[in-house]
> 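Here's a structure for you.
Numbers restart at 1 for each chain; the letters A, B, ... are given by sequence-line order, proteins then strands.
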Amino acid sequence: MDQETVRTICHLARLKIDDEKSEKIESDLDTIIALIGGLSSFDTSNIEPLYSPLEQTAVKHEDVVNSDNCKDKYLANSPLSNDDYFLVPRVVE
Amino acid sequence: MSIQFKTITELREMLDSKIISSEELVNETFRLNEQFKELNCFVTLNESKSREKAIGIDQQDEPLSILSGIPLAQKDLFCTEGLRTTCSSKILSNFIPPYTATAVSKLEDDGSITIGKTNMDEFAMGSSNETSFFGPVHNPWKKGYVPGGSSGGSAAAVAAGIVPAATGTDTGGSIRQPAAHCGITGMKPTYGRVSRWGMVAFASSLDQAGPIARSAEDCAILLNSMSGYDSKDTTCLDLPNQDLLETINNPIKGLKIGVVKEFDMSDLDLGVQQAFEQSKKLYESLGAEFVEVSLPNISASVPAYYSIAPAECSSNLSRFDGIKFGHRTEDPGNLEELYVNSRSEGFGDEVKRRILIGTYALSAGFYDAYYKKAQQVRRLIKNDFVSAFESIDVIMTPTTPSTAFAFGSKGAQNPVELYLEDLFTISSNLAGLPAISIPHGQLNNLPIGLQLIGNFLEEGRILNAAHIFQKNSDFHLTHPNMEDFK
């Protein structure tokens, strides 16, 4: 796990690591990846992945409106909003 | 009469015989919490609404259910309408949910009183409660020692006798490990038994809510209430209602208990080994039979978990972007900076570490080697359990390799050291199986936990085995003297 790889995954995850912590993070990630790397010794030829213990596809619901308009409730938790929208810094100049 | 260390059943009797009112019970609960506030069990208290509900319940002629008027604590990962829900993270430190999690609603609909939200490892990522933004929780048995995690505040509040029971969530052992370290009983149900709706998601294919209490009987009471179909969680199983108390007293003569060949007990603390042997003898004296079983791929559990759980976490935690709710950085220059700075300021180190590992495992070029491979190994582990349960009824293991440890003594240099705390608990999450931890001894005045893993949907059987053990032993009746906190 070199600095460049850590920089790439930080970008993908939209995270920034403080300079003084970067060496420790790199070493921790190396240790954890080595742990996960141990899986390669298990023979999984012809084994289907088990993505959920239930092995069932998500249940589908009828496409009906079943709750009130909760706009105000949800906007209330936003750090910045007006009466109708979540607000973000200007995207288009 | 003191209510400290009372079970739900005992408090029910006190309420029914008018020895105490629900209002007095709630007041005494808050007094106990104030007395032992150094434990740091709670992030947020729900004082006025608790008193209001208790007064209303005292005016009812008949209790709604066995839980009516009983104070409970909820892990701060369950959304509670109008009551702050932080996941012990800075990023959610101001979040007031607009709705209540189904598991909590069910408990509240049965008359229980949510007295507050308990401290935990940030976003349930940890085994020591040391990753909380609100500071660590002390183990009631020894100051400066961890209560376990991630449901550490819930476990400590029950162990200290502040509340008779609490909710927890368990992704890799987060109910059972703290229950073991705090000398109480905690249960992870079958995946799909309890609705996950309103639980802040960590790893969606592993997370499951469950009870933490002073006995297996109280766990059954809580689980009876919490479980049941919920159309809002598409992984919640549609099953007929089951009263887990009906079978809890069944005799266990002939119960076949599996002991896992691959777990090398000689690696464990001597006290943990001795307690395990003593418990085997107790079960044998009650008519159970021990059978050695093989789970040949069990050693892959920890590495598989630390690929799958971070991968799911990196996806689930992408919703925290500083826009719709939660912490937002000040004066971002542009949208990208808003995302990056809000997340980087809001998440703690362990959460960042897991998001990065998960992002790496899911990224192009590594997906097959890490994520898909882990899910294939997960099937091998599940298949091992399916084979084992053809010849046995339950599996018995220690819950943890050792007892509670001092703050800062594990994982600071090497995070994997702390991950190995979950060695015995992780496999049941990967396979979706129910499992319970009960106290069964002590080492240097710190509790030791025993784990019973059941087959799919066989909560009744492990609660029965745990209850019969508790009827014939007194480990669950011991409690800390709290001298360190007076």
Side-chain angles (χ1 to χ4, degrees), chain A residues 1 5-6 8-18 21 24-25 27-29 31-61 66-67 70 72-81 86-91, chain B residues 95-96 98 191-192 205 231 234-235 237 297 300 302-304 306-307 314 318 321-328 332-341 343-344 347 349 352-353 355-357 359-361 363 369-370 372-380 382 414-416 419 430-433:
Chain A
M1 183 75 68
T5 311
V6 174
T8 305
I9 58 173
C10 278
H11 169 69
L12 291 172
R14 298 298 188 272
L15 284 174
K16 189 169 62 183
I17 301 297
D18 298 338
K21 287 183 178 170
K24 172 80 170 80
I25 283 274
S27 127
D28 286 351
L29 296 186
T31 311
I32 300 165
I33 291 297
L35 170 80
I36 301 170
L39 292 172
S40 62
S41 63
F42 289 82
D43 182 6
T44 51
S45 352
N46 304 316
I47 300 292
E48 282 297 308
L50 177 66
Y51 292 110
S52 162
L54 299 182
E55 300 197 71
Q56 65 179 29
T57 16
V59 180
K60 290 176 182 159
H61 296 295
N66 59 8
S67 62
C70 304
D72 293 343
K73 259 177 154 180
Y74 286 89
L75 283 174
N77 260 307
S78 170
L80 197 62
S81 63
F86 300 110
L87 298 182
V88 297
R90 181 180 293 277
V91 178
Chain B
F95 178 59
I96 312 284
Y191 182 82
S205 79
S231 62
T234 57
T235 60
L237 294 166
N297 298 289
V302 174
Y306 279 97
S307 170
S314 75
S318 63
D321 57 5
I323 293 174
K324 297 179 287 297
F325 48 82
H327 170 76
R328 179 174 188 156
N334 54 47
L335 189 59
E336 180 74 6
E337 214 174 284
L338 166 60
Y339 293 143
V340 174
N341 291 357
R343 288 165 63 79
S344 303
F347 292 135
D349 287 348
K352 285 179 190 162
R353 207 160 26 222
I355 291 174
L356 292 176
I357 285 291
T359 306
Y360 182 70
S363 60
Y370 294 121
K372 187 177 169 194
K373 180 78 180 180
Q375 301 283 27
Q376 287 173 307
V377 169
R378 181 182 194 177
R379 184 176 294 282
L380 294 178
K382 186 187 174 186
N414 177 359
V416 171
Y419 297 173
L430 291 169
L433 302 174

> In Å, rounded to the nearest 0.5 Å, how long is the span from CD1 of A/Ile32 to CZ of B/Arg353?
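Taking CD1 in A/Ile32 and CZ in B/Arg353, the distance rounds to 6.0 Å.
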
> Testing the basics here: between B/Gln376 and A/Ile47, what is the closest heavy-atom pair and its distance to 0.1 Å?
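Nearest heavy atoms, B/Gln376 then A/Ile47: NE2-O, 2.9 Å.
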
> With chain B, which of A/His11, A/Lys24, A/Arg90 has the greatest number of heavy-atom pairs at distances under 4.5 Å?
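Of the candidates given, the most pairs with chain B belong to A/Lys24.
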
> With chain A as the partner, which of B/Ile96, B/Asn414, B/Asp321, B/Asn334 has the greatest number of non-hydrogen pairs under 4.5 Å?
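Heavy-atom pair counts peak at B/Ile96.
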
> Pick one of side chain, backbone, both or neither for B/Ala431, based on which atoms fall under 4.5 Å of a heavy atom in chain A.
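When you check distances to chain A, only backbone atoms of B/Ala431 fall under 4.5 Å.
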
> Let's test your reading of the structure: which of B/Ser231, B/Gly432, B/Pro98, B/Ser363 forms the most heavy-atom pairs below 4.5 Å with chain A?
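Option with the top pair count is B/Pro98.
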
> So, taking the atom named CG in A/Leu54 and the one named OH in B/Tyr191, what distance separates them when rounded to the nearest 0.5 Å?
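Spacing of CG (A/Leu54) from OH (B/Tyr191) equals 6.0 Å.
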
> Starting at CD1 of A/Ile25, measure out to CG of B/Asp349 and round the result to the nearest 0.5 Å.
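Separation between the atoms: 6.0 Å.
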
> Name the region of A/Thr5, side chain, backbone, both or neither, that has any atom closer than 4.5 Å to a heavy atom of chain B.
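For A/Thr5, the contact with chain B is made by the side chain alone.
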
> To check you understand the geometry: which heavy-atom pair defines the closest contact between A/Glu55 and B/Arg379, and what is its length?
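Scanning both residues completely, I find the closest heavy atoms to be OE1-NH2, 3.0 Å.
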
> Side chain, backbone, both or neither: which part of B/Glu336 has an atom under 4.5 Å from a heavy atom of chain A?
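Side chain only.
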
> For B/Asn297, is it the side chain, the backbone, both or neither that has a heavy atom under 4.5 Å from a heavy atom of chain A?
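Contact with chain A involves both backbone and side-chain atoms of B/Asn297.
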
> Mind listing the closest non-hydrogen atom pair of A/Ser52 and B/Ser205 along with its distance?
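In this case the closest contact between A/Ser52 and B/Ser205 is CA-CB, 4.3 Å.
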
> Would you find a donor on one side and an acceptor on the other, under 3.5 Å apart, between the side chain of B/Lys352 and the backbone of A/Cys10?
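Here the side-chain-to-backbone pair does not exist.
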
> I'd like to know which of B/Leu433, B/Leu430, B/Val302, B/Leu237 tops the heavy-atom pair count under 4.5 Å against chain A.
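Among the listed options, the one with the most contacts to chain A is B/Leu237.
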
> Does any non-hydrogen side-chain atom of A/Arg14 lie less than 4.5 Å from one of B/Ser318?
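Heavy-atom side-chain distance check fails, nothing below 4.5 Å.
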
> Examine whether an atom of B/Ser307 lies under 4.5 Å from a heavy atom of chain A, and if so say whether it belongs to the side chain, the backbone or both; otherwise answer neither.
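Both backbone and side chain of B/Ser307 come within 4.5 Å of chain A.
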
> Is it the side chain or the backbone of A/Asp18 that comes within 4.5 Å of chain B heavy atoms, both, or neither?
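Neither part; nothing is under 4.5 Å.
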
> Below 4.5 Å from any heavy atom of chain A, which atoms of B/Lys324 appear? Answer side chain, backbone, both or neither.
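For B/Lys324, backbone and side chain are both near chain A.
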
> Considering non-hydrogen atoms only, spot the tightest contact between A/Ile33 and B/Tyr360 and give its length.
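Looking at all heavy atoms of both residues, the closest pair is CD1-CD2, 3.1 Å.
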
> Between chain A and each of B/Gly322, B/Gly192, B/Ala361, B/Ser344, count heavy-atom pairs under 4.5 Å; write down the option with the most.
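Between B/Gly322, B/Gly192, B/Ala361, B/Ser344, the count favours B/Ser344.
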
> Could you report the tightest heavy-atom contact between B/Ile355 and A/Ala13, atom names first, then the distance?
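In terms of heavy atoms, the two residues are closest at CG2-CB, 3.7 Å.
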
> With a 4.5 Å heavy-atom cut-off, do B/Ile357 and A/Ile36 have their side chains touching?
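Yes, at least one pair of side-chain atoms sits under 4.5 Å.
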
> Given that the side chain runs from C-beta out, which part of A/Val91 has a heavy atom under 4.5 Å from chain B: side chain, backbone, both or neither?
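Side chain only.
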
> Using a cut-off of under 4.5 Å for heavy-atom pairs, which of B/Ile323, B/Thr235, B/Val377 has the most such pairs with chain A?
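Answer, by heavy-atom pair count under 4.5 Å with chain A: B/Ile323.
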
> CD of A/Glu48 to CD of B/Gln375: how many Å apart, nearest 0.5 Å?
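If we round to the nearest 0.5 Å, A/Glu48:CD and B/Gln375:CD are 12.0 Å apart.
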
> Let's test your reading of the structure: which of A/Leu12, A/Asp28, A/Thr31, A/Ile17 forms the most heavy-atom pairs below 4.5 Å with chain B?
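Winner by heavy-atom pair count: A/Asp28.
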
> Pick whichever of A/Leu39, A/Leu35, A/Ile9 has the most heavy-atom pairs under 4.5 Å with chain B.
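Ranked by contacts with chain B, first place is A/Leu39.
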
> Is A/Ser40 close to chain B through its backbone or its side chain, or both, or neither, when contacts mean heavy atoms under 4.5 Å?
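Looking at A/Ser40, just its backbone touches chain B.
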
> What part of B/Leu335 gets within 4.5 angstrom of chain A, counting heavy atoms only: side chain, backbone, both, or neither?
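Answer is both: backbone and side chain atoms of B/Leu335 are under 4.5 Å from chain A.
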
> So, for A/Pro79 and B/Gly326, which heavy atoms are closest and what is the spacing to 0.1 Å?
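Nearest heavy atoms, A/Pro79 then B/Gly326: CG-O, 3.3 Å.
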
